[in-house]
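Presented below is the structure to which this report refers.
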Amino acid sequence: MRIIVCIKQVPDTEELGKVKINPATNTLKREGVSSIINPFDENAVEEALRLRERKGGKVTALSMGPPQAEEALRKTLAMGVDRAILLSDKAFAGADTLATSYVLAVAIKKIGEFDLILSGKQAIDGDTAQVGPGIAEWLSIPQLTYIRKLEVNDNKVRAERVLEDSFEVVETSLPCLVTVTKDINEPRYPSLRGLLKAKKEEIPIWSCHDLSVERKRVGADGSPTQVIKIFTPQPPGKGEILSGEISEVADRLIREIKKRKIV
Amino acid sequence: MDFALNDDQKMILELVDEVSEKEFAPRADEISAKGEFPAENIKKLTELDLFGITIPEKYGGLGMDYLTWTLVSERISRACTTTGLIFGTNLLCTYPLLQFGNEEQKKKYLPPLAKGETLGAFALTEPEAGSDAGNVQTTAIKEKDSYVLDGTKIFITNGEVAGTYIIIANMDRARGPRGLTAFIVEKGNPGFTFGQHFDKMGLSALPNVELIFDNCRIPSENLLHKEKRGFRVAMRTFAAGRIGVGIGALGVAEAAFEKAREYSKERVQFGRSISSFQAIQHILADMATGIETAKYLLYRAAWLLDQNEPFEKISSMGKLYASEVAMKVATKAVQVFGGYGYTKDYPVERYMREAKLFEIIEGTSEIQRGVIANFILKE
Ligand SMILES: Cc1cc2nc3c(=O)[nH]c(=O)nc-3n(C[C@H](O)[C@H](O)[C@@H](O)COP(=O)(O)OP(=O)(O)OC[C@H]3O[C@@H](n4cnc5c(N)ncnc54)[C@H](O)[C@@H]3O)c2cc1C
Ligand SMILES: Cc1cc2nc3c(=O)[nH]c(=O)nc-3n(C[C@H](O)[C@H](O)[C@H](O)COP(=O)(O)OP(=O)(O)OC[C@H]3O[C@@H](n4cnc5c(N)ncnc54)[C@H](O)[C@@H]3O)c2cc1C
């Protein structure tokens, strides 16, 4: 199987408190915050590797981002993907989900034939969950989103799709795009051998010149979305902290719960 | 002198730290309480390729140095003493194979050990031969193209779970150490069985097993090194193994210290945190100083080993010092925790029980002082 996994580098969740927003551009200030692979994308990589282990083939990791996103791609190489490609160009900056999915789709076309595209269900920073579906639309292939279980047999894809409080079983055929949830698998750690090998690997960087993109569709110019204002919403009410002896606190808590008819 | 880690070491330790903190540390209490072999942890070590660190690439390993191994082992031990010891004990099998094995033996036994498909063990101790290592009673008799082993080994770490065993037997009991001979014995070899599992003060999840050899016939190509040269094999193995045992002790010390430090800042008595009392501060300062000192002795021993320079004296010092630091730090950690420290609600009582082992195995503290004295009086 020829599998392409889209990964995004995001600020470390454990340091999210440190992330500041640049009021002038309404974008994230990433300086001083360590970066990780978007956690759902690690699940996507894991699923790709498991499919390759079962069916053979080749896994390509793809990311659009600044030059330092190379670090995230290198980790996917250490986990075991066959090759990684970085899409990086100043012209790509300021992209919204439309422009992001466009560039990714053009790059996928350049990679050539593929059977399956995997992505995370959403990025933990932007959180829109639109890039995966966007890519599928640009490529005119079927998409299965929020997948927690995936089976591929010959040309057939059967998957469990997570709903609010249940799941549905959906089917389609290859080639298609699948976005995955955390429940689909437990991502592996890279091995030492993988780390040492990945360190030496070349990661090609494709810029605007390498891709046959329409310039007006990339970056800020290609992004109809404009972020007018970004703010941290105020919590709806003030919480109350009960303190004292455990038994006393428990009693008061039960009284409050009853009083407010929570149960 | 260069104390800096290289980029590979940093990258590897970052990964090992992540796995140790996320996977090993949270389960350490439960593993000890249940006394179950931590198979999941060992699987993780295997998936990460950690068993192959010091084994050359041509035998399926990563061909890295003992210092890197030492740094990795420290991380694992800090998170879970049991897992650290299982990991460390493997070296007692791979090191003598690398040092004394012939090409066929290396090709046959090292790759599965490097991949972690097989665990290793080393057995010398017997009821009559502990500190007195030369007094091994297990016999080996040459019969045509095989050797026949008879006797019993006790306390053997990784016993039963290991697949490859380095066994020290005696071909001439009258000559004591000069009769000792080392052999490679595979689990499942007819005549080789397992006896009792020892019930211990701590580390209940660490397998320590009796090995029984009853008319156990092994092919002559399983002789390791030369007949009656097993004492040298054992002493070299112990010298390297002491780095591993020392680093295990250091791991316990670091874990106990960290818990004591955190607790001292949280625990309030007389209206302030106990870390504001000078008496507690001095305990913490002594702990940290001991840990730092032990660390560099052990790193240096590993570094000397990597440079092919004599390392035996320093590894003995490192093992002696680190194990005594571990015992002191763990005992003091219980003190910092007060009454809570004596309960099983906190891990410090476990550390104290675990730390004690390190003053005993791989040569007791008394034996270590003898070894060190021998070196310095000859210099
Ligand atoms: C604070 C903030 C607010 C924003 N608000 C908006 C907005 O309202 N509307 C809008 O259109 N844009 C917005 N953007 C921009 C948007 O986040 C990113 O530009 C967009 O590229 C990625 O969308 P996402 O992070 O929501 O990813 P999602 O669509 O949530 O990501 C889903 C999956 O797509 C893949 N993917 C996403 N990005 C990449 C990439 N760069 N390379 C490879 N694979 C990728 C990953 O597999 C990921 O798991 C905002 C950005 C910020 C920082
Ligand atoms: C958990 C555990 C794991 C072990 N794993 C292994 C293993 O994998 N392989 C293996 O071969 N062995 C193993 N051992 C055995 C261990 O190495 C021995 O227990 C240790 O070497 C001490 O030997 P002994 O128990 O016979 O004590 P003894 O030798 O009887 O010592 C008793 C006391 O006398 C002191 N003493 C003895 N001789 C002298 C002397 N000459 N001068 C001063 N003091 C002396 C000792 O220091 C000690 O305090 C293990 C033991 C334990 C408890």
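The sequence lines fix the lettering, A, B, ..., with proteins before strands; numbering per chain opens at 1. Owing to the predicted nature of the structure, the values given are computational and were not obtained by experimental measurement.
Atom CG of Leu62(B) sits about 5.5 Å away from atom CG of Leu192(A), to the nearest 0.5 Å. Considering CG of Leu196(A) and CE of Met11(B), their distance stands at 4.5 Å, rounded to 0.5 Å.
Residue-environment remark: OH (Tyr296(B)) exceeds the threshold of 12 foreign heavy atoms within 6.0 Å. Sparse packing is recorded around OH of Tyr340(B), with 12 or fewer heavy atoms of other residues, nucleotides or ligands lying under 6.0 Å away. Annotation: Leu163(A), atom CG; neighbour count of heavy atoms from other residues, nucleotides and ligands within 6.0 Å is above 12.
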Between chain B and chain A, which N and O donor-acceptor pairs fall under 3.5 Å? A table would be great.
unit_1   : atom_1 : unit_2    : atom_2 : d
Asp8(B)  : OD1    : Lys199(A) : NZ     : 2.5
Glu23(B) : OE2    : Tyr189(A) : OH     : 2.6
Leu48(B) : O      : Leu192(A) : N      : 2.9
Asp49(B) : OD2    : Ser191(A) : OG     : 3.2
Asp49(B) : OD2    : Arg193(A) : N      : 3.0
Gly60(B) : O      : Arg193(A) : NH2    : 3.1

